[in-house]
Amino acid sequence: MDQIEIKGGRPLRGEIDVSGAKNAALPLLFATLLASGESRLGNVPQLRDIATVGKLLEIFGAEVEREGSALRIDTRGLVSVEAPYELVKTMRASVLALGPLTARFGHARVSLPGGCAIGARPINLHLKGLEAMGAEITLDHGYVEARAERLKGARIYLDIPTVTGTENLLMAAALAEGETVLENAAREPEIIDLAEALVKMGARIEGAGSDTIHIQGADDLAPYEHCTMPDRIEAGTFLAAAAVTGGDVLVHGARAEHLEALLAKLREAGVEIVAEADGLRVRGPERLRAVSIKTSPHPGFPTDMQAQFMALMCLAEGTSVISENVFENRFMHVCELQRMGADISVDGHAATVRGIEGLCGAPVMATDLRASASLIVAGLAAENTTRISRIYHLDRGYERIEEKLAGLGAEIRRVKES
Ligand code: EPZ
């Protein structure tokens with residue numbers, strides 16, 4: 001298996017491009033199931049998870065072709081509504097097939113995704129919402145089956161503003177009979193991107209991006225032409241990498257309105273961030289100041305940036321308390337950072353990070369997607385060499401990250417496992 005080797009301590013300088021957002025492209029690809037015809041999605045990153053969705057759509061009977069940075073999806077030949085365990089176990093976002101298939105065909109059979117490294121990640125709220133719309137939900141042999149003559153609009157209160165739960169129900173409501181109101185809906189920018197594509201398909205949606213979304217169901221929908229929004233978490237990861245190495249980088253595609261909480265905390269830590277042309281310029285200080293964070297649903301501090309921000313705080317002046325309030329087990333990166341000399345203690349949902357002068361490169365292991373990003377950030381700032389194993393986690397969400405960072409002067413390369 002590949003590893004990534006970093007010789008740290010070099011400030012990053014130059015310009016870098018953000019790819020299309022993985023967490024927008026995934027629901028957007030499933031949304032093509034709502035219509036019969038040829039959709040085209042631009043700015044789709046070349047990632048393992050995207051390839052997995054492509055395979056899943058082909059199992060349903062769609063044709064999926066990559067044309068440069070776009071994907072063309074033809075759904076005129078759909079023959080199956082079953083998402084098999086072999087694929088779903090590799091990517092839990094496959095659960096996003098439930099809403100569109102049930103809405104379009106009255107039937108969906110999706111393997112339960114099971115837990116993952118960062119938490120149990122149940123889908124009870126997805127199912128509760130579909131039941132409220134009239135679907136009959138049954139669980140058997142590890143599969144969830146949804147059936148409905150035709151989904152009916154309903155008023156649904158989400159106990160937790162679940163991101164993919166909101167996306168699943170948004171897509172289901174787009175073809176349901178009558179009006180659906182999603183209350184306490186997720187407000188992430190990826191929800192707005194999905195709603196924009198659904199509106200292009202003929203859906204009538206108001207309030208996407210707020211905590212209450214109104215959807216008037218249509219009798220049928222048309223294919224879309226759409227361009228995926230830039231990946232705000234990739235952008236945030238590059239901002240963190242430039243900040244921790246005392247660099248000066250222009251991140252093309254980074255949008256301040258997608259990252260307000262992160263930018264506020266980076267500025268509090270002494271990082272200079274300026275909006276320029278089509279991105280954000282970030283300059284790292286001599287030494288970062290310690291800042292505490294609490295993750296929460298958008299517009300709060302994004303849980304997907306918690307691990308990367310912790311890597312910064314390992315080197316800051318002072319003590320930072322990092323509270324993870326979205327997932328129950330998202331501190332897997334802590335023991336790897338401790339191997340690099342970080343002074344961190346964890347007590348339940350809170351990690352206390354006492355900043356030190358320098359981290360020391362070491363062999364470390366990636367455990368989940370954003371934990372691997374945090375090890376990259378730490379390795380870029382550490383003295384000597386850091387070797388990161390199990391980087392298949394990283395390849396799920398970052399397109400050619402070592403090439404992009406090498407373009408900023410980082411000494412980073414992909415090597416075969418020694
Ligand atoms: C999405 O996951 C993202 N994935 C995650 O990004 C991200 O961390 C997460 O939202 C939070 O922002 C995609 O968009 C593909 P949730 P999702 O449902 O939708 C609980 C990454 O690194 N919950 O908002 O699965 C759940 O257990 C990934 O790119 C229920 O209890 O997250 C969690 O504690 C990781 N019941 C909380 O809600 C449900 O039915 C938030 O989960 C659904 C969720």
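These numbers come from the heavy atoms of this one structure, side chains and all, not from hydrogens, waters or symmetry mates. Counting starts at 1 for both ligands and their atoms, in listed order. By convention here, the first residue in the shown sequence is residue 1.
Considering backbone and side-chain N/O atoms, Gly165 never comes within less than 3.5 Å of an N/O atom of ligand 1. Checking only distances, Leu26 never comes within under 3.5 Å of ligand 1, N or O to N or O.
For atom 27 (O) of ligand 1, the nearest non-hydrogen atom from the set Pro27, Gly119, Pro122 belongs to Pro122. Here atom 5 (C) of ligand 1 lies nearest to Asp304 when heavy atoms of Val95, Asn325, Asp304 are compared.
Contacts with ligand 1 closer than 4.0 Å are made by no heavy atom of Leu127, backbone or side chain. Of the heavy atoms in Val163, both backbone and side-chain atoms come closer than 4.0 Å to ligand 1. Counting heavy atoms under 4.0 Å from ligand 1, residue Asn124 touches it through both backbone and side chain. At a heavy-atom cutoff of 4.0 Å, ligand 1 is contacted by both the backbone and the side chain of Arg121. Residue-level proximity to ligand 1 for Glu324 is absent, since no heavy atom of it falls below 4.0 angstrom. Of the heavy atoms in Lys22, only side-chain atoms (C-beta onward) come closer than 4.0 Å to ligand 1. Residue-level proximity to ligand 1 for Leu369 is carried by the side chain, the only part with a heavy atom below 4.0 angstrom. Residue Ile160 touches ligand 1 through its side chain alone, judged by heavy-atom distances below 4.0 Å.
Defined by atom type and a distance below 3.5 Å, a donor-acceptor pair is missing between the side-chain atoms of His258 and Glu188.
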Discussion item. Test side-chain hydrogen bond (donor to acceptor under 3.5 Å, both in side chains) on His226 and Glu196; report intermediate values, then the result.
Written reply: CA-CA 9 Å; His226 190 69; Glu196 283 172 1; 4.7 Å; no
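With respect to Asp395 and Arg48, no salt bridge is recorded, no charged nitrogen being found less than 4.0 Å from a carboxylate O. Remark: Lys7 engages Glu5 in a salt bridge, criterion side-chain N to carboxylate O under 4.0 Å.
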